[in-house]
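Below you'll find the structure, written out as structure tokens, and then a few comments.
Predicted model only: the values in this text are computed from it and were never measured.
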Amino acid sequence: MSVVDSLTGFGNSYLDTMKQNTASSAENAASKDYSSATEEQLFDACKEFETYFVEQMFEAMKETVHKEDSSESSYMNMFEDNLYQEYAKNVADSGQLGLAQTLYEQMKRTYELE
């Protein structure tokens with residue numbers, strides 16, 4: 001096995017791990033009981049969900065783009081995935097989509113934090 005093959009294998013496993021961590025983090029936030037959470041913790045969980053949601057939208061959009069060369073390296077994919085994660089964080093942090101705020105307001109009513 002060559003060094004390039006080893007590095008490619010590492011890059012692919014790193015990508016898989018990052019995707020699993022993001023998904024499990026969002027699932028943990030969604031299944032947590034927030035009845036004793038502070039408003040800040042609740043809003044942070046809503047922003048985390050919005051980030052995950054937007055990231056999944058970007059991934060779905062990426063799949064619709066036809067690529068001429070299917071031999072992209074795993075490193076290029078890794079950097080592309082990291083770029084989409086940062087885009088998703090920026091969208092959630094900007095508040096322009098409004099999903100986190102809407103979820104936050106609904107959860108405040110649900111958990112009677114008002």
If we ignore hydrogens and angles and just use 3.5 Å, is the side chain of Gln101 paired with the main-chain N or O of Gly98 as donor and acceptor?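 Checking the backbone N and O of Gly98 against the side chain of Gln101, no donor-acceptor pair under 3.5 Å is found.
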
Point-to-point distance, once rounded to the nearest 0.5 Å, from [atom1] of [X] to [atom2] of [Y]:
{"X": "Asn77", "Y": "Asn82", "atom1": "CG", "atom2": "CG", "answer": "11.0 Å"}
{"X": "Leu97", "Y": "Phe53", "atom1": "CG", "atom2": "CZ", "answer": "7.0 Å"}
{"X": "Lys62", "Y": "Leu83", "atom1": "NZ", "atom2": "CG", "answer": "10.0 Å"}
{"X": "Tyr87", "Y": "Met57", "atom1": "OH", "atom2": "CE", "answer": "14.0 Å"}
{"X": "Thr102", "Y": "Met107", "atom1": "OG1", "atom2": "CE", "answer": "13.0 Å"}
{"X": "Glu105", "Y": "Leu42", "atom1": "CD", "atom2": "CG", "answer": "11.0 Å"}

Set out, in order, the CA-CA distance, both residues' side-chain angles and the distance that settles side chain to side chain contact (heavy atoms under 4.5 Å, CB included) for Phe49 and Leu99, then state yes or no. CA-CA 9 Å; Phe49 176 79; Leu99 180 60; 4.1 Å; yes

Write down the atom of Ala88, the atom of Thr51, and the distance for their closest heavy-atom approach.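 Closest approach of Ala88 to Thr51: CB-O, 3.4 Å.
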
What pair of heavy atoms forms the shortest contact from Glu50 to Val91, and how long is it? OE2-O, 4.5 Å

I would like to know whether Tyr104 and Glu39 meet side-chain hydrogen bond (donor to acceptor under 3.5 Å, both in side chains); could you show each step before the answer? CA-CA 9 Å; Tyr104 172 70; Glu39 289 186 16; 3.0 Å; yes

Side chain proximity check, Glu59 to Asp81, heavy atoms < 4.5 angstrom: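 Yes, side chains in contact.
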
Within-4.5 Å side-chain heavy-atom neighbours: Glu48 and Asp44: no

